[in-house]
Amino acid sequence: MKFSNTLVYWYLQNNRELPWRKSKNPYFIWLSEIMLQQTRVAQGLGYYLKFTSTFPTVFDLAKAEESTVLKMWQGLGYYSRARNLHFSAKHIAQELNGEFPTSYAEIIKLKGIGDYTASAIASICFNEPTAVVDGNVYRVLSRYFGIKTATNSASGIKEFKTLAQTLIDPSQPGTYNQALMDFGALHCKPQNPLCVSCPFSDSCVALEKKLTKELPVKDKKIKVKKRYFNFLVIKTANNKTILTERTGKGIWQGLYQFPLIECEKTVNQKEIIDSEEFANLFPDETTLSLFNSKEIVHKLSHQHLYTQFWIVETKTLKNADILWENIQDFPVPVLIANFLKAFEIVK
DNA sequence: AAATCGTGGTA
DNA sequence: TTACCAAGATT
């Protein structure tokens, strides 16, 4: 039987009921696709429900402040997705009269939308036969056809896109695309794929050649950089603190944090007090104490952040203009949110 | 074009 | 505990 027929037949029996599948409104599909980039359905689901209820239309999203959008995105990671989403929402609302573009070629022009997302939206919402290639597709196709080309190489990306495009069912491209992804997520899983009960077991190259565990091939390992963060948690006598916005390049753009002293290694209390940054922040007398006796290691994909939170007590401070109770209104990284939770409990 | 961008789950 | 990696995009 044809690859697509077998696949779609499997999908009709095994597909997941997900809220965004009840609609073909491109705004909802767009939201779900952006949220699910490099993100599991289980993690993104709650955010999707929150966004669609708070921002039922693209105009509602466009009207919001960026910090509001980032606050709602807090905890989902890859925050450029939220900034680009908001940017494109404003573009659609203001320049496109609120009308979502209706072809792959137009959709991919939007900021934050690449080949995968444009293909997904075009196929699901507008029946355009453009094949999606995500992590699931790389895995299923590399195994089924026994392809050893690295999926993260320039040639691999091309090869798999071309192959996927030849396999798509042009009569139901959206269903086909989602079927391939669901099949990868639920059946042809990274570990312990269900080969025993697989509808492709008579023709899967990886199964025949016992290559399932070796495929897909991905080259290069990422290098993890170590960084040493010291956050200065100020609490003045009148219950105020300082938060700073992260700007420029690097992690957590647009999110807020306590004043940060970054060092080359783990430092002690004396080194903090003697530092130039500390002197600039606190010319007056202050007391300093380490909150976490054990260094917190916050792991990002490319960085390990060895973190200490220093509690600073001082009478008044002219830069401290944020009321402690209002911290919760600011978007913060999970590292900071976790600290705040722990600090509230101890306090 | 290789590096970078988060967080959480799984084995 | 570490390694992998999940509906990728950007620079």
Side-chain angles (χ1 to χ4, degrees), chain A residues 15-16 18-21 28-48 70 73-85 87-88 107-124 131-140 150-158 160-161 164 174 177-186 188-193 213-225 227 246 248-255 297-305 331-338:
Chain A
N15 72 82
R16 292 174 282 188
L18 300 168
W20 46 88
R21 289 188 173 163
F28 291 139
I29 302 301
W30 174 44
L31 273 179
S32 72
E33 292 299 343
I34 299 298
M35 285 179 175
L36 293 176
Q37 286 170 5
Q38 299 289 284
T39 304
R40 291 173 202 288
V41 167
Q43 193 189 359
L45 185 56
Y47 289 85
Y48 175 82
L70 283 170
W73 200 271
Q74 182 178 311
L76 200 52
Y78 284 154
Y79 297 94
S80 66
R81 292 183 294 173
R83 297 193 307 272
N84 289 336
L85 180 78
F87 180 94
S88 291
I107 294 169
I108 202 170
K109 291 179 183 171
L110 296 171
K111 194 171 285 190
I113 293 186
D115 175 69
Y116 163 79
T117 305
S119 300
I121 298 173
S123 64
I124 295 170
V132 297
V133 182
D134 73 333
N136 294 306
V137 176
Y138 283 127
R139 187 168 55 256
V140 174
T151 59
N152 58 348
S153 65
S155 62
I157 292 169
K158 250 189 209 169
F160 281 95
K161 175 75 181 183
N177 276 335
Q178 295 185 82
L180 189 49
M181 293 190 283
D182 254 21
F183 183 73
L186 302 175
C188 193
K189 299 179 292 180
Q191 284 102 21
N192 307 321
K213 282 181 109 170
E214 327 301 325
L215 296 172
V217 174
K218 213 171 164 182
D219 49 41
K220 305 173 240 182
K221 284 188 214 172
I222 61 166
K223 262 192 189 163
V224 177
K225 180 180 171 190
R227 301 176 72 178
R246 292 189 66 97
K249 299 190 85 62
I251 60 173
W252 299 333
Q253 283 175 53
L255 275 62
V297 186
H298 187 77
K299 296 178 176 179
L300 286 63
S301 50
H302 287 72
Q303 303 179 23
H304 288 184
L305 309 177
V332 298
V334 165
L335 175 60
I336 302 290
N338 287 344

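In what follows, chains are A, B, ... by sequence order, proteins preceding strands, each numbered from 1.
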Taking every non-hydrogen atom, the tightest pair across [X] and [Y]:
{"X": "A/Leu76", "Y": "A/Tyr47", "result": "N-OH, 3.5 Å"}
{"X": "A/Val137", "Y": "A/Val133", "result": "CB-CA, 3.9 Å"}
{"X": "A/Gly75", "Y": "A/Val334", "result": "CA-CG2, 3.7 Å"}
{"X": "A/Leu305", "Y": "A/Leu335", "result": "CD1-CD2, 4.4 Å"}

Task: NZ (A/Lys189) with more than 12 external heavy atoms under 6.0 Å - done: yes
Open item on the list: For a quick check under 3.5 Å, do A/Gln38 and A/Arg81 share a side-chain donor-acceptor pair by atom type?
Closed with: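 No, no side-chain donor-acceptor pair sits under 3.5 Å.
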Open item on the list: Against A/Val140, only a single residue in A/Pro193, A/Cys188, A/Pro216 fulfils side-chain contact (heavy atoms from CB on, under 4.5 Å); can you say which?
Closed with: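 The passing option is A/Cys188.
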How would you label the contact of [X] with the nucleic acid (heavy atoms, under 4.0 Å): base, sugar-phosphate, or nothing?
{"X": "A/Gly250", "result": "sugar-phosphate"}
{"X": "A/Ile251", "result": "sugar-phosphate"}
{"X": "A/Gln253", "result": "nothing"}

TODO: Can you sort out the partners of A/Gln37 under side chain to side chain donor-acceptor pair (under 3.5 Å), two or more places apart, ordered by chain and number?
DONE: A/Thr117
Task: Interatomic distance at P, C/dA7 relative to B/dC5, whole Å - done: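 Approximately 23 Å lies between the P atom of C/dA7 and that of B/dC5.
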Open item on the list: Measuring only the P atom in each nucleotide, how far is C/dT11 from B/dG6? A whole number of Å is fine.
Closed with: 14 Å
TODO: Summarise how protein sits on nucleotides 1-11 of chain C as a single string, 5' to 3': B when a protein heavy atom is under 4.0 Å from the base, S for sugar-phosphate-only contact, - for no contact.
DONE: -S--BBBBSS-
- [ ] Report the residue (A/Leu76 or A/Lys189) whose heavy-atom-nearest nucleotide on DNA chain B is the more 5′ of the two.
- [x] A/Leu76
Open item on the list: What is the first contacted nucleotide of DNA chain B and what is the last, in 5' to 3' order, if contact means an atom lying under 4.0 angstrom from a heavy atom of chain A?
Closed with: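 The contacted stretch runs from B/dA2 to B/dG9.
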